[in-house]
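Let me begin by presenting the structure, written as structure tokens, before commenting on it.
All values below were derived from every heavy atom in this structure, side-chain atoms included, with hydrogens, water molecules and symmetry-related copies excluded. If you're wondering where the values come from, they're calculated on a predicted model, not measured in any experiment. Note on naming: letters A, B, ... go to the chains in the order of the sequence lines (proteins, then strands), and numbering restarts at 1 for each one.
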2 protein chains.
Amino acid sequence: MAEADAINVDLEIIVHGVQGRSKPELRLWLRMLSTTKLISQEIRRRLRAEFGATLPQFDLMAQLYREKDGLRLGELSKRTMVTNGNVTGLVERLEADGYIQRLTPDADRRVTVAKLTDSGTIFFATMAAAHERWLQEMMADVDPRMISGLWSEIGAVKVSASNHLSGAAFE
Amino acid sequence: MAEADAINVDLEIIVHGVQGRSKPELRLWLRMLSTTKLISQEIRRRLRAEFGATLPQFDLMAQLYREKDGLRLGELSKRTMVTNGNVTGLVERLEADGYIQRLTPDADRRVTVAKLTDSGTIFFATMAAAHERWLQEMMADVDPRMISGLWSEIGAVKVSASNHLSGAAFE
DNA sequence: ACGATTCCTTTGACATTTCAAATATCAGCT
DNA sequence: AGCTGATATTTGAAATGTCAAAGGAATCGT
């Protein structure tokens, strides 16, 4: 009950706030934000409940899963859109749990490469399968064509935003 | 090593199931997530640089701006999609900065109501105007019709997700 | 009344987040 | 070699995020 209310009453209230009229860009942004927040919180809950893992850990392991040889921490930082300092802590905890292994190549000893252990690989594969199911489940009521369309349209939003960043752009 | 090989073979099968034919829902989700992350990070940077404020503070003040009489912390928690414990800390800091005010109505002394001070109202109005400009700027390259279309289509995604939350089964 | 339940908020332990400053290493120039 | 600047990671402070447990306060049933 309280949860259902929380869903219906969301951030979009700001829309009518400032000048009384709401610009479409602001409206879209608030809806993107609340929708993303809603879904990530659900995924967080499930990852925690079923696997005792966090979403950032899942994201990080997802990157390593695609690169069997491992990735440098800086590269991990870019791909996960997480700051360098943050990656350090995430990797530390995952290493302590035995899912990740850190090593420093002799070629360049400034670098630290992280890669999944066997245990980490198995663990992630299990989570990833569930993660994919959850998303299909949560989007089950959405027309499949709309899903594909949204993918490319949101791509346009992403490109536009990338081109108007104050600092550097990437991806 | 024979054991390790057996593991790797099995995992390869999982790999293709998990990532090889990545389902449209997963693709869409990853794009929504990265786009939202990109834009919020930019907004965070600008709020910090230009106003010394954080995004959660902005969100919280946005809700109070709409309700001149203030809101109970539990209501604030629902509307901002932030947990109760988190609201406590946010309100404490904003109160220390003089932007909001806390009071306990005699009618129900379990309750704490937060409302914007005059200073907070002025401060938020300034930020909100900039915030709206930033969004128009970042979405400047997107066709206006696409922006409206996206708003309603993402609404469909939101509704679908809302109907498939783990907690929503009761009721 | 009164005990049990429910409601609202705070607290506590941790994980994540950002930024800035510090550290460590490498590569190039003199 | 030795200096300098660029690169890679770690560290530290402060804020935000989660959940679970604890607290006070109101309400309900008996």
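- Along DNA chain C, the nucleotide nearest to A:Thr54 and the one nearest to B:Arg102 differ in position, and the one closer to the 5' end is contacted by B:Arg102.
- When rounded to the nearest whole Å, the span between CG of B:Asn86 and C1' of C:dT17 equals 12 Å.
- Within 4.0 Å of A:Arg93, counting heavy atoms only, lies at least one base atom of the nucleic acid.
- Heavy-atom nearest nucleotides on DNA chain C were determined for A:Asp108 and for B:Thr112, and the one closer to the 5' end corresponds to B:Thr112.
- Both A:Asn84 and A:Arg48 lie near DNA chain D, and the one whose nearest nucleotide falls closer to the 5' end is A:Asn84.
- Atom-to-atom, CG of A:Leu76 to P of D:dT7 comes out at 20 Å; the value is rounded to the nearest Å.
- If you check every strand for non-hydrogen atoms under 4.0 Å, B:Val87 touches nothing.
- Note: CD (B:Glu75) to P (C:dT9) measures 10 Å, nearest angstrom.
- The two residues B:Leu33 and A:Ser40 have their closest heavy-atom pair at CD1-OG, 4.4 Å.
- In this structure, A:Thr83 reaches the bases: a heavy-atom distance under 4.0 Å links it to at least one base atom across the strands shown.
- Looking at every heavy atom in both residues, B:Ser160 comes nearest to A:Met138 through OG-O, 2.6 Å.
- A:Phe123 places none of its side-chain heavy atoms less than 4.5 Å from the side chain of A:Gln57.
- Across all strands shown, B:Gly85 has heavy atoms under 4.0 Å from base atoms, whether or not it also approaches the sugar-phosphate.
- For B:Arg45, the side-chain atoms get nearest to C:dC19 when compared with the rest of C:dT17, D:dA25, C:dC19.
- Between atom CD1 of residue B:Ile147 and atom CD of residue A:Glu25 there is a gap of 4.0 Å, rounded to the nearest 0.5 Å.
- Atom P of nucleotide D:dG17 and atom CD of A:Gln41 are separated by 9 Å, given to the nearest angstrom.
- The nucleotide whose nearest atom lies closest to any side-chain atom of A:Val111 is, among C:dC26, D:dT16, D:dT9, D:dT9.
- Between the side chain of A:Arg110 and the base of D:dT7 there is at least one donor-acceptor pair of N/O atoms closer than 3.5 Å.
- Closest to the side chain of A:Arg72, out of D:dA8, C:dC7, C:dT17, is D:dA8.
- Base contact: B:Thr88 has a heavy atom under 4.0 Å from a base atom.
- Rounded to an integer number of Å, the gap from CG of A:Leu33 to C1' of D:dT16 is 14 Å.
- B:Glu75 and B:Arg79 are joined by a salt bridge, as a carboxylate oxygen and a charged side-chain nitrogen come within less than 4.0 angstrom of each other.
- Here the C1' atom of nucleotide C:dT16 and the CD atom of A:Glu92 are 13 Å apart, to the nearest Å.
- Across the protein-nucleic acid pair, B:Arg44 atom CZ and C:dT18 atom P stand 7 Å apart, rounded to whole Å.
- For A:Pro56, counting side-chain heavy atoms from C-beta on, the closest listed nucleotide (C:dT18, C:dT9, C:dT16) is C:dT16.
- Summarising the geometry, the separation between CG on B:Leu73 and P on D:dA25 is reported as 16 Å, rounded to the nearest angstrom.
- Among the candidates A:Thr35, A:Leu30, A:Leu28, the single residue satisfying the side chain to side chain contact (heavy atoms under 4.5 Å, CB included) test with A:Met32 is A:Leu28.
- Among the protein residues, A:Leu90 comes within range of the sugar-phosphate backbone only, with heavy atoms under 4.0 Å from sugar or phosphate atoms but none that close to a base.
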